[in-house]
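The next block holds one structure in the form of structure tokens; read it before the comments.
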There are 2 protein chains.
Amino acid sequence: MGKTNPPFMTGVPELLVLRLLSQREMYGYELVKSVRVVTSDAISLGEGVIYPVLHGLEKAGALTAKRKPVNGRTRVYYAVTPQGRERLERLSGEWDRVSAGVDSALGEAGHV
Amino acid sequence: MGKTNPPFMTGVPELLVLRLLSQREMYGYELVKSVRVVTSDAISLGEGVIYPVLHGLEKAGALTAKRKPVNGRTRVYYAVTPQGRERLERLSGEWDRVSAGVDSALGEAGHV
DNA sequence: TTACTATACCTCATACTTCAAGGTATGTAC
DNA sequence: GTACATACCTTGAAGTATGAGGTATAGTAA
């Protein structure tokens with residue numbers, strides 16, 4: 001039953017979502033726009049990415065969801081649990097390791 | 001029909017391969033080990049990744065292949081073409097943009 | 001009224017990449 | 001002669017992201 005490891009470069013959407021939610025509660029539609037803003041348009045994640053990530057993290061116990069009616073529409077606000085913070089720490093560390101690896105391979109020393 | 005864009009975080013194996021080959025000619029098996037070395041074990045790409053990337057880049061005109069018999073075994077050395085250098089520049093720029101985006105989202109912008 | 005836009009939730013087929021494990025074959029060490 | 005490292009390669013399965021679709025409410029402009 002060879003369980004395959006996840007691809008080495010994934011989990012970035014999850015990382016971004018956890019990071020943003022660790023600063024304040026947000027709802028899905030808001031996250032879609034926020035990702036673009038905080039990354040200066042470098043990364044744009046569609047709703048097809050955000051919502052599944054949100055649901056997955058909630059199921060994993062990393063987030064809690066809270067429905068709030070606002071102006072007749074319903075928003076689902078997500079908050080990070082302690083478990084989610086651990087996950088954020090782990091993913092953040094992995095990202096640092098991998099991105100440092102790439103940068104060192106690129107030899108960012110004298111390059112521009 | 002609707003051609004989908006490649007996932008936003010891909011092309012890293014390609015980037016690493018092009019970068020290493022831009023420094024000197026290498027063969028596939030050598031690249032597999034080199035990637036581990038230059039990334040301090042942060043990234044490990046198997047032969048199932050390296051060889052297809054090599055073939056794809058050759059077909060795209062970014063690399064040229066040269067067979068050399070060494071100690072009875074055959075090695076296929078790859079070299080970067082001018083076209084490959086352009087591709088390296090482009091991928092390198094994309095990586096910088098995306099990784100800067102993630103870092104700024106993580107709030108490590110001022111981190112060296 | 002109608003139409004269009006923005007908000008806000010969601011799902012799904014397709015495309016793509018990566019992983020892991022396999023296969024072939026030669027040379028070297030025990 | 002058996003085991004390991006070198007050196008090439010392919011492939012099935014797993015998993016993620018894309019792009020486009022669907023539902024529904026509220027506001028605005030014609």
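In what follows, every chain begins at residue 1, and chains take the letters A, B, ... in the order their sequences are listed.
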Give me the distances for all protein-to-nucleotides 5-7 of chain C N/O pairs that come in under 3.5 Å?
unit_1: dT7(C); atom_1: OP2; unit_2: Y29(A); atom_2: OH; d: 3.4
unit_1: dT7(C); atom_1: OP2; unit_2: K33(A); atom_2: NZ; d: 2.9
unit_1: dT7(C); atom_1: O2; unit_2: R73(A); atom_2: NE; d: 3.2

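The distance from atom CG of L106(B) to atom CG of L20(A), rounded to the nearest 0.5 Å, is 9.0 Å.
A salt bridge links E94(B) to R90(B): at least one charged side-chain nitrogen sits closer than 4.0 Å to a carboxylate oxygen. Between E30(A) and R75(A), none of the side-chain N atoms (NZ, or NE/NH1/NH2) sits under 4.0 Å from a carboxylate O, so this pair counts as no salt bridge.
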(request) Using the side-chain contact (heavy atoms from CB on, under 4.5 Å) rule, take S44(B) and F8(A) through it: C-alpha gap first, then chi angles, then the decisive distance, then the call. (result) CA-CA 8 Å; S44(B) 179; F8(A) 75 101; over 6 Å; no

(request) Kindly indicate, with the supporting measurements, whether the criterion side-chain contact (heavy atoms from CB on, under 4.5 Å) is fulfilled by L88(B) and L15(B). (result) CA-CA 6 Å; L88(B) 172 55; L15(B) 171 58; 3.7 Å; yes

(request) Any chance you could lay out the side-chain contact (heavy atoms from CB on, under 4.5 Å) test for L31(A) and L54(A), step after step, and finish with the verdict? (result) CA-CA 10 Å; L31(A) 279 163; L54(A) 250 14; 3.9 Å; yes

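Among the atoms of the strands shown, only primed sugar atoms or phosphate atoms (P, OP1, OP2) are found under 4.0 Å from some heavy atom of G72(A). Contact annotation for E47(A): base contact, defined as any heavy-atom pair under 4.0 Å involving a base atom. Contacts of G28(B) with the nucleic acid, taken as non-hydrogen atoms under 4.0 Å apart, involve only primed sugar atoms and P, OP1 or OP2.
Because its NZ or CZ atom is both nearer than 6.0 Å to the ring centre of Y77(A) and within 45° of the ring axis, K68(A) counts as a cation-pi partner of that residue.
I50(B) places its CD1 atom 10 Å from the P atom of dC19(C), with the value rounded to the nearest Å. Straight-line distance from the OH atom of Y78(B) to the P atom of dA7(D): 14 Å, rounded to whole Å. Remark: P of dC9(C) and OH of Y77(A) are 9 Å apart, rounded to the nearest angstrom.
Each of V32(A), V53(A), L16(A), V17(A) was checked for a side chain to side chain contact (heavy atoms under 4.5 Å, CB included) with L45(A), and the lone residue meeting it is L16(A).
Heavy-atom nearest nucleotides on DNA chain C were determined for F8(A) and for E30(A), and the one closer to the 5' end corresponds to E30(A).
Listed candidates were dC9(C), dC19(C), dT18(D). Nearest to the side chain of L45(A) is dT18(D). Picking from dA17(D), dC8(D), dC9(C) the nucleotide with the shortest atom distance to the side chain of V49(A) gives dA17(D).
Y51(B) has a side-chain polar atom (N or O) that falls below the 4.0 Å cut-off from OP1 or OP2 of dC8(D).
Less than 4.0 Å separates DNA chain C from no heavy atom of any residue of residues 54-70 of chain B.
Listed by first and then second residue, the salt bridge (Lys or Arg N to Asp or Glu O under 4.0 Å) pairs involving residues 33-52 of chain B amount to none (not counting sequence neighbours).
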